[in-house]
Every structure is written in C-alpha cells, then in structure tokens.
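Each remark here refers to the structure printed beneath this line.
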Amino acid sequence: MASEADEERGGPGPADQAAPETAGPEAVDPKIAAAIAAAEAAGPADGVSVRIDSWIWAVRLAKTRSVGAAACKGGHVQVNGVRVKPAHTVRVGDEVRVRQEGWERIVVVKRLIRKRVGAPVAAQCYVDNSPPPPPRQPFAAPAGIRDRGTGRPTKRDRRDMERLRGLMEGSKPRASGR
C-alpha cells in the first residue's frame, strides 16, 4: 500500500506497479498505440508549441491546412475564447473552438502533432466537448421539377409550383372542379 507522501507526490506505490498498462477501460489497440508513438516522434519536443492552422489540419478538424488557415482568417477559430490568426501557437490544455457548417466544435488539446494522422490517432490528440451536431435536413426534391418531354409549363402549372414553394402568400386553394 502506498504511503500518503507517495500519493501526494503522485509517485507509484507497490499496488500501482502491479497493475498492467493495458488493463482498464482505456485499453488502446496496439496498432493505434504504434501510430500515436509515430505521431509523437514526428511531433514537436516537450514544451514546444504548434501553429493552430497546422494542428486543426493534423487532427482532422479541417480538410486541408489552407482551409484551416482560411477559417482562422475568417474568425471561425478561437483559442481560449480569443479569435486567432493562422500562425497562433497552441499548447497542451488550450480550448479550441472551430465553427464549421452551422455548428461549433469545442476541443481541448491533449497532444501536439504536426503531421496529419489517421482518424483513430487524431481522436487521441484532443478531448471533444462539442454539443451534438444539429440534425440533418432530409433531402427534398426541388419543387417544380417536371418530367422530361412534358413541354413548357402552363399558367396553371406555374401557379401550382409557386404555391408549393410558398411564394404566393395570399393565394387560396383552387377548386378542383371546372
């Protein structure tokens, strides 16, 4: 059993040494562990920072580095609540907010990497605190698509299409009988 002094220092006690590294709920696949080790080897040394545009590209929050830089220039990226330029440096523990396609990704930096890595490895480099994305809108065929060969729409067809689109606010439904 560990003494109180060991617990305060965070040092391992005899009970901590007996537990294997891979046991527990956070057991990592050996392939992912090897990829993480390779990414860390290619990454910066301890205490060194990485450019924000490079980091959001490396952890797959942006499709390309230039898209990440454009997001920074457009004010869509914040680090610790402050809008940043692409050359801003990010460190472990920083909170990064990236606005994308109608919702905001909120991540906390866990590891610094410079090279783009696979998705499972990239997920190990940050803690995702984002709210769930908004539900996708079901794809609806555009109103007014006509079958091929039916010819030009009549005035009646045009009015029906406008009614479907909601362009005619004060239009009343037409009686079907003539």
Side-chain angles (χ1 to χ4, degrees), residues 6-13 16-17 19-145 165-167:
D6 285 339
E7 287 178 6
E8 287 177 10
R9 284 186 308 211
D16 294 336
Q17 292 173 353
E21 292 277 327
T22 57
E26 294 189 25
V28 179
D29 183 26
K31 291 180 183 179
I32 295 175
I36 290 172
E40 286 179 348
D46 290 337
V48 178
S49 57
V50 177
R51 287 174 55 115
I52 185 67
D53 61 341
S54 177
W55 188 81
I56 64 175
W57 165 73
V59 297
R60 298 178 169 263
L61 295 178
K63 197 167 193 175
T64 64
R65 182 173 173 184
S66 60
V67 168
C72 292
K73 288 177 187 173
H76 301 289
V77 178
Q78 295 180 355
V79 176
N80 296 326
V82 179
R83 289 184 180 166
V84 294
K85 293 181 178 181
H88 184 82
T89 56
V90 65
R91 296 185 180 274
V92 174
D94 285 349
E95 180 188 68
V96 178
R97 292 174 176 259
V98 181
R99 228 177 29 231
Q100 337 174 288
E101 301 172 5
W103 69 296
E104 189 174 46
R105 298 283 309 263
I106 303 169
V107 297
V108 176
V109 179
K110 229 165 86 173
R111 282 196 185 95
L112 296 177
I113 58 172
R114 284 195 177 126
K115 291 189 174 183
R116 191 166 172 96
V117 292
V121 179
Q124 300 287 324
C125 295
Y126 60 85
V127 177
D128 195 355
N129 295 331
S130 305
R136 292 186 175 205
Q137 298 295 327
F139 178 73
I145 299 295
R165 290 185 190 136
L167 296 177

Report all side-chain donor-acceptor pairs from residues 68-79 shorter than 3.5 Å, counting only partners two or more places apart or in another chain.
| unit_1 | atom_1 | unit_2 | atom_2 | d |
| --- | --- | --- | --- | --- |
| H76 | ND1 | R99 | NH2 | 2.9 |

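Counting all heavy atoms, side chain and backbone alike, A122 lies closest to A58 at CB-O, 4.3 Å. Heavy-atom minimum distance, G93 versus V108: O-CG1, 4.0 Å. Nearest heavy atoms, P134 versus W103: CD-CB, 3.6 Å. Residues P131 and I106 come closest through the heavy atom pair CD-CD1, 4.2 Å.
Distance alone, capped at 3.5 Å, is enough to place a donor-acceptor pair between the R111 side chain and the Q124 backbone. A distance-only check finds a donor-acceptor pair linking the side chain of R60 to the backbone of V117 [under 3.5 Å].
Evaluation of the side chain to side chain contact (heavy atoms under 4.5 Å, CB included) rule for T89 yields S49 as partners, not counting sequence neighbours. Contacts of N80 classified as side-chain hydrogen bond (donor to acceptor under 3.5 Å, both in side chains), with partners at least two apart in sequence or in another chain: D94. Residues passing the salt bridge (Lys or Arg N to Asp or Glu O under 4.0 Å) test with R51, sequence neighbours excluded: D53. Residues passing the side-chain hydrogen bond (donor to acceptor under 3.5 Å, both in side chains) test with Q100, sequence neighbours excluded: none. V92 is linked by a side chain to side chain contact (heavy atoms under 4.5 Å, CB included) to L112, counting only residues two or more places apart in sequence or in another chain.
With values rounded to the nearest 0.5 angstrom, I56 atom CD1 is found 11.5 Å from Y126 atom OH. A distance of 11.0 Å separates NZ in K110 from CG in D128, rounded to the nearest 0.5 Å. One finds the NZ atom of K115 at 9.0 Å from the CH2 atom of W57 (value rounded to the nearest 0.5 Å).
Here the side chains of R65 and S54 are in contact, with some heavy-atom distance below 4.5 Å. Side-chain contact between R91 and V109 is absent, with no heavy-atom pair separated by less than 4.5 Å.
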